[in-house]
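Below, read A as the first sequence line, B as the second, and so on, with proteins coming before strands; counting in each chain starts at 1. These numbers were taken from a predicted model, which means no experiment stands behind them.
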Amino acid sequence: MVNEIYLTNSLSRKKELFVPLVPGFVGMYVCGPTVYGAPHLGHARPYITFDVLYRFLNHLGYRVRYVRNITDVGHLVDDADEGEDKIAKRARIEKLEPMEVVELYTDKFHEAMRALNNTHVSIEPRASGHIIEQIEMIQRIMDNGWAYVSNGSVYFDVLKYSKSHDYGKLSGRIIEDLIAGAGNERRELEGQEEKQNPADFALWKKAAPEHIMHWPSPWSEGFPGWHIECSAMSTKYLGETFDIHGGGMDLLFPHHESEIAQSKGACGKSPVRYWVHNNMITINGQKMGKSLGNFINLEELFTGEHKLLEQAYSPMTIRFFILQAHYRSTLDFSNDGLKAAEKGLVKLMNASEVLNKLHASEKSTSDIPAWRKACYDALADDLNTAITIAHLFEAVRIINSVNAGTETISANDLDVLKKTFNDFVFGILGLIRETNDSGADTDKLMKFILSLRNDAKSKKDFATSDKIRDELAAYGFKIKDEKDGTVSWTKD
RNA sequence: GGUCCUGUGGCCGAGUGGUUAGGCAGAGGUCUGCAAAACCUUGUACAGCGGUUCAAAUCCGCUCGGGACCUCCA
């Protein structure tokens with residue numbers, strides 16, 4: 001059992017040995033989706049990445065509390081609708097209640113997560129269900145003198161805070177630049193005139209009259225600022241300091257930087273020990289973005305209905321595709337890449353079936369214990385799923401070779417191989433066999449048809465046997481003559 | 001404009017001072033009635049230029065290309 005995991009900590013930008021705050025327990029918070037739109041390809045990456053981290057930590061014996069929020073309040077929409085709540089905007093377009101929209105897309109998000117086999121979350125708190133906690137945290141920040149009220153809104157005083165704290169450390173930002181409003185490109189944001197300083201950020205926003213989602217607070221009828229929900233909910237469920245906070249790299253600034261400031265402002269201590277960030281998925285080299293309009297929904301990916309898609313890709317193909325790259329690298333979407341992943345996954349799954357019928361010999365021709373260690377080492381080294389998968393394909397080669405009789409494996413090694421291979425493929429990487437669930441009737445029919453084909457073959461009537469095989473292939477049933485004389489089949 | 005990341009063979013994608021990444025595709029072979037699958041062999045790589053070093057794809061500098069953040073975003 002490997003106990004030493006290294007993770008790249010965005011705070012230090014280095015790989016660090018992971019040591020949990022409390023031995024044996026891990027608290028992990030991952031920024032969840034804003035549920036005002038359909039889940040897309042970009043959502044797949046962080047939740048698959050941190051699902052694998054969660055599974056691996058669990059596998060190593062840690063008890064992990066994994067918190068992933070649902071953002072269903074606040075947040076500004078694009079510049080055409082400055083100051084308007086995103087959810088409110090969608091609600092008006094679709095003539096739905098805001099919380100109806102939230103329910104709809106929360107369900108869609110859950111469906112997508114299930115399809116991708118991101119199944120385990122300990123707590124999934126909603127921002128709208130934690131308004132009180134957020135107000136309390138804002139009050140603590142104010143009591144400590146790090147925030148001020150302006151026209152019913154509350155802002156975090158970044159300038160004052162930065163004089164005694166390292167604001168900008170996580171994201172590599174320099175406070176002077178932020179204050180100077182560096183970048184002539186900076187867009188005029190709504191509410192800027194209420195701030196004492198352009199670098200300040202909102203903790204509470206007073207709602208405009210047309211704003212649909214709002215709550216009472218000591219300062220105004222309004223809604224929480226853009227970052228406070230994560231601070232309030234992570235503190236509530238994981239404590240003032242916890243082990244791992246994950247999310248996409250695009251959240252580094254200002255979201256996570258602000259979270260740190262808020263938590264320190266409220267509790268006086270750093271909230272997170274290991275900040276872990278996954279890189280973006282790009283399409284034709286460019287980041288997918290809601291405002292860029294180039295994003296692909298997961299549903300579209302699964303059905304193939306999108307102009308960029310040449311075919312449908314199954315959820316496991318997406319998962320495998322994402323895991324073939326390291327989480328800290330950008331991953332460029334392409335049909336060729338997805339198709340290659342699809343075939344590789346089939347090869348891996350086929351081998352897992354062959355593995356179950358392997359026979360042991362006196363001794364092994366491959367070093368199985370060394371292979372096992374390599375698998376653990378790869379994942380423990382900053383969750384390098386790409387290398388882990390490369391090792392799994394080495395196992396595929398061994399499995400197929402033993403099956404073909406060109407290699408042998410001892411009974412003991414076979415046990416280790418089975419256990420480790422299954423642990424990694426299914427348990428840790430979280431892949432599942434996507435069966436086509438043909439049903440018992442199909443099984444019977446196939447058995448009958450294949451017996452006819454066998455009769456034809458034994459009479460050397462290859463015209464008939466080939467016709468059967470070709471016809472079945474046209475329906476998506478692939479026939480395979482095994483070495484031992486049996487015939488197996490798969491459905492596309 | 002500021003900060004940071006990145007450029008690997010036909011495609012995707014690891015590695016980061018000396019040792020095979022891996023997958024997909026291509027070529028040849030074994031097996032097969034023919035296939036499929038599997039196995040074996042196999043080619044074109046580290047953007048360009050310069051520097052450090054016994055040794056660089058890997059470190060440093062410059063040039064060129066791509067991208068991210070600075071605004072909601074996974």
Asks: For A/Phe320 and for A/Lys287, find the nucleotide of RNA chain B with the closest heavy atom, then tell me which residue's nucleotide is more 5'.
Replies: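 Result: A/Phe320.
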Asks: So, is A/Lys343 near the phosphate of B/A25, with a side-chain N or O under 4.0 Å from OP1 or OP2?
Replies: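 Looking at the OP1 and OP2 atoms of B/A25, one of them is under 4.0 Å from a side-chain N or O of A/Lys343.
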Asks: Calculate the interatomic distance between A/Lys459 atom NZ and B/C34 atom P; express it in whole Å.
Replies: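 Rounded to whole Å, this separation is 21 Å.
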Asks: Which pair of non-hydrogen atoms, one from A/Leu355 and one from A/Leu417, has the smallest distance, and what is that distance?
Replies: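 Nearest heavy atoms, A/Leu355 then A/Leu417: CD1-CD2, 3.8 Å.
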Asks: Between B/A35, B/C70, B/G13, which nucleotide gets closest to the side-chain atoms of A/Asp481?
Replies: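 Within the option list, the nearest is B/A35.
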Asks: Whether A/Lys459 and A/Asp455 form a salt bridge (side-chain N of Lys/Arg under 4.0 Å from carboxylate O of Asp/Glu) is what I want to check.
Replies: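 Looking at A/Asp455 and A/Lys459, the cut-off is not met.
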Asks: Answer with yes or no whether A/Lys339 presents, from its side chain, a donor or acceptor under 3.5 Å of a partner atom in the base of B/C11.
Replies: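 Side chain to base: no pair below 3.5 Å.
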Asks: Hey, is the side chain of A/Asp466 pairing donor to acceptor with the base of B/G33 inside 3.5 Å?
Replies: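 Such a pair is found, so the answer is yes.
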Asks: Please confirm whether the shortest side-chain N or O distance from A/Ser329 to OP1 or OP2 of B/A14 is below 4.0 Å.
Replies: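 For B/A14, OP1/OP2 do have a side-chain N/O of A/Ser329 under 4.0 Å.
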Asks: Using Watson-Crick or G-U wobble geometry with both distances below 3.5 Å, tell me the partner of B/A38, or none.
Replies: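 In the structure as shown, B/A38 has B/U30 as its Watson-Crick or wobble partner.
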Asks: Is it true that A/Lys206 and A/Glu194 have a side-chain N and a carboxylate O under 4.0 angstrom from each other?
Replies: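 No, no charged N to carboxylate O under 4.0 Å.
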Asks: What distance do A/Gln262 atom CD and A/Leu203 atom CG have between them, rounded to the nearest 0.5 Å?
Replies: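 That separation rounds to 5.5 Å.
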Asks: Determine the Euclidean distance between corresponding P atoms of B/U30 and B/A36; express it in Å to zero decimal places.
Replies: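 Here B/A36 and B/U30 have their P atoms 14 Å from each other.
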Asks: Please give, in whole Å, the distance from B/C34 P to A/Ile468 CD1?
Replies: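 About 19 Å, once rounded to whole Å.
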Asks: Mind checking the C1' distance from B/G28 to B/G15? Whole angstroms is fine.
Replies: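 About 29 Å, rounded to a whole number of Å.
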Asks: Considering only atom C1', compute the distance from B/U20 to B/G13 and round it to an integer number of Å.
Replies: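 My reading of the C1' atoms in B/U20 and B/G13 gives 16 Å.
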Asks: Under a 4.0 Å threshold between the charged nitrogen and the carboxylate oxygen, would A/Lys339 count as salt-bridged to A/Glu342?
Replies: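 Here A/Glu342 does not pair with A/Lys339 in a salt bridge, since their nearest N and O are not under 4.0 Å apart.
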Asks: Using the C1' atoms only, state how far B/C69 lies from B/G50, rounded to an integer number of Å.
Replies: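 Approximately 32 Å lies between the C1' atom of B/G50 and that of B/C69.
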Asks: Among B/A74, B/G15, B/C12, which nucleotide sits nearest the side chain of A/Leu331?
Replies: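 It is B/C12.
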Asks: By nearest heavy atom, map A/Arg453 and A/Leu251 onto RNA chain B; which one lands nearer the 5' end?
Replies: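 This one resolves to A/Arg453.
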Asks: Counting only side-chain nitrogens and oxygens, does A/Thr34 get under 4.0 Å of the OP1 or OP2 atom of B/A74?
Replies: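 Affirmative; the distance criterion is met.
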Asks: Can a donor-acceptor pair under 3.5 Å be found between the side-chain atoms of A/Arg469 and the base atoms of B/A35?
Replies: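 Indeed there is one.
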Asks: Searching all strands shown, indicate the nucleotide that pairs with B/A45 (Watson-Crick or G-U wobble; both distances under 3.5 Å).
Replies: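 The base-pairing partner of B/A45, which may sit in any strand shown, does not exist here.
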Asks: Is the A/Trp275-A/His256 ring centre distance short of 6.0 angstrom?
Replies: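 Between A/Trp275 and A/His256, the centre distance is under 6.0 Å.
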Asks: How is A/Leu252 classified with respect to the nucleic acid when contacts are heavy atoms under 4.0 Å: base, sugar-phosphate, or nothing?
Replies: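 No contact at all - A/Leu252 keeps every heavy atom at 4.0 Å or more from the nucleic acid.
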Asks: Round to a whole Å and report the spacing from CG of A/Leu345 to C1' of B/G13.
Replies: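 From A/Leu345 CG to B/G13 C1': 16 Å.
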Asks: Take atom CZ of A/Phe393 and atom P of B/G23, then tell me their distance rounded to the nearest Å.
Replies: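 The answer, rounded to whole Å, is 6 Å.
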Asks: Starting at CZ of A/Phe295 and ending at P of B/A74, how long is that distance when rounded to a whole Å?
Replies: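 Rounded to whole Å, this separation is 10 Å.
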Asks: Taking the side chain of A/His40 as its heavy atoms from C-beta onward, which of B/A14, B/A74, B/A36 lies nearest to it?
Replies: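 When the side chain of A/His40 is considered, B/A74 is the closest of B/A14, B/A74, B/A36.
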Asks: Report the base-pairing partner of B/C4 (Watson-Crick or G-U wobble, both distances below 3.5 angstrom), or none.
Replies: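 Here B/C4 is engaged in a pair, and the nucleotide opposite it is B/G67.
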Asks: From B/G15, B/G13, B/C70, pick the nucleotide closest to the side chain of A/Pro254?
Replies: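 Per side-chain heavy atoms of A/Pro254, the pick is B/C70.
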Asks: Just N and O in the side chain of A/Lys347: are any of them under 4.0 Å from OP1 or OP2 of B/A38?
Replies: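 No.
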Asks: Would you mind classifying the nucleic acid contact of A/Gly42 as base, sugar-phosphate or nothing, using non-hydrogen atoms under 4.0 angstrom?
Replies: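 Here A/Gly42 touches the bases of the nucleic acid.
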Asks: C1' atom, B/A57 versus B/C49: distance in rounded Å?
Replies: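 Nearest-Å result for B/A57 against B/C49 at atom C1': 15 Å.
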Asks: Let's see if you can work this out: which of B/G13, B/C73, B/C39 has an atom nearest to the side-chain heavy atoms of A/Ala325?
Replies: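 Nearest nucleotide to the side chain: B/G13.
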Asks: Check the distance between B/C72's P and A/Glu229's CD and give it to me in whole angstrom.
Replies: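 From A/Glu229 CD to B/C72 P: 13 Å.
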Asks: Any strand is fair game: report the nucleotide pairing with B/A21 by Watson-Crick or G-U wobble, both distances under 3.5 Å, or none.
Replies: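 Checking every strand shown, B/A21 finds no partner, since no pair has both distances under 3.5 Å.
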Asks: How many whole angstroms separate atom CD1 of A/Ile479 from atom P of B/C34?
Replies: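 It works out to 18 Å between those atoms.
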Asks: Cationic tip of A/Arg68 within the cone over A/Phe50's six-membered ring, i.e. under 6.0 Å and within 45° of the normal?
Replies: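 No, a cation-pi geometry is absent between A/Arg68 and A/Phe50.
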Asks: Which listed nucleotide (B/G33, B/A14, B/A36) is nearest to the side chain of A/Lys480?
Replies: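 Nearest to the side chain of A/Lys480 among the choices is B/A36.
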Asks: Considering every strand and a 4.0 Å limit on heavy-atom distances, what is the contact class for A/Ser488: base, sugar-phosphate, or nothing?
Replies: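 Result for A/Ser488 = nothing.
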Asks: Under 4.0 Å between a Lys/Arg side-chain N and an Asp/Glu carboxylate O for A/Arg453 and A/Asp466?
Replies: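 Answer for the salt bridge query: no.
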Asks: Rounding to an integer number of angstrom, what distance separates B/U53 and B/G1 when you compare their P atoms?
Replies: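 Looking at atom P only, B/U53 and B/G1 are 36 Å apart.
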Asks: When the C1' atoms of B/U8 and B/G22 are compared, how many Å lie between them, rounded to an integer?
Replies: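 Their C1' atoms lie roughly 14 Å apart.
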Asks: So A/Glu342, base contact, sugar-phosphate only, or nothing? Heavy-atom distance under 4.0 Å.
Replies: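 It contacts nothing in the nucleic acid.
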Asks: Would you tell me if any nitrogen or oxygen in the side chain of A/Asn400 comes within less than 4.0 Å of OP1 or OP2 on B/C39?
Replies: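 For B/C39, OP1/OP2 do have a side-chain N/O of A/Asn400 under 4.0 Å.
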Asks: Between A/Thr119 (side chain only) and A/Arg114 (backbone N and O only), is there a donor and an acceptor less than 3.5 Å apart?
Replies: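 No; judged by distance alone, with no hydrogens or angles, the pair does not exist.
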Asks: Return the nearest nucleotide to the side chain of A/Ala340; candidates are B/C11, B/A74, B/C24.
Replies: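 Shortest atom-to-atom distance from the side chain points to B/C24.
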Asks: Scan A/Ile281 against the nucleic acid and name what it touches under 4.0 Å (heavy atoms): base, sugar-phosphate only, or nothing.
Replies: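 Base contact.
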Asks: Return the nearest nucleotide to the side chain of A/Gln324; candidates are B/G23, B/A74, B/G13.
Replies: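 Out of B/G23, B/A74, B/G13, the nucleotide with an atom closest to A/Gln324's side chain is B/G23.
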Asks: Check whether any side-chain N or O of A/Asn279 sits under 4.0 Å from OP1 or OP2 of B/C5, and answer yes or no.
Replies: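 No, no such contact exists.
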Asks: Do the side-chain N or O atoms of A/Arg397 get closer than 4.0 angstrom to the phosphate oxygens (OP1, OP2) of B/C40?
Replies: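 Answer is yes, contact under 4.0 Å.
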Asks: For the side chain of A/Met280, counting heavy atoms from C-beta on, which of B/A74, B/A38, B/G13 is nearest?
Replies: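 Per side-chain heavy atoms of A/Met280, the pick is B/A74.
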Asks: Just to be sure I understand the rule, does A/Phe462 reach a base, reach only the sugar-phosphate, or reach nothing, if contact means heavy atoms closer than 4.0 Å?
Replies: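 Touches a base.
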Asks: Taking only the side-chain heavy atoms of A/Pro46 (C-beta and beyond), determine which of B/G13, B/C70, B/A74 contains the nearest atom.
Replies: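 Looking only at heavy atoms from C-beta outward on A/Pro46, the closest nucleotide is B/A74.
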Asks: Measure the distance from CG on A/Leu355 to C1' on B/A38 and round it to the nearest whole Å.
Replies: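 Rounding to the nearest Å, CG of A/Leu355 and C1' of B/A38 are 15 Å apart.
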Asks: Taking the P atom in each of B/A21 and B/A14, what is the distance between them to the nearest angstrom?
Replies: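 That atom pair is separated by 15 Å.
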Asks: Using atom types as modelled and distance alone, determine if a side-chain donor or acceptor of A/Thr34 lies under 3.5 Å from a backbone N or O of A/Thr71.
Replies: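 Pair absent, no side-chain N/O of A/Thr34 close to backbone of A/Thr71.
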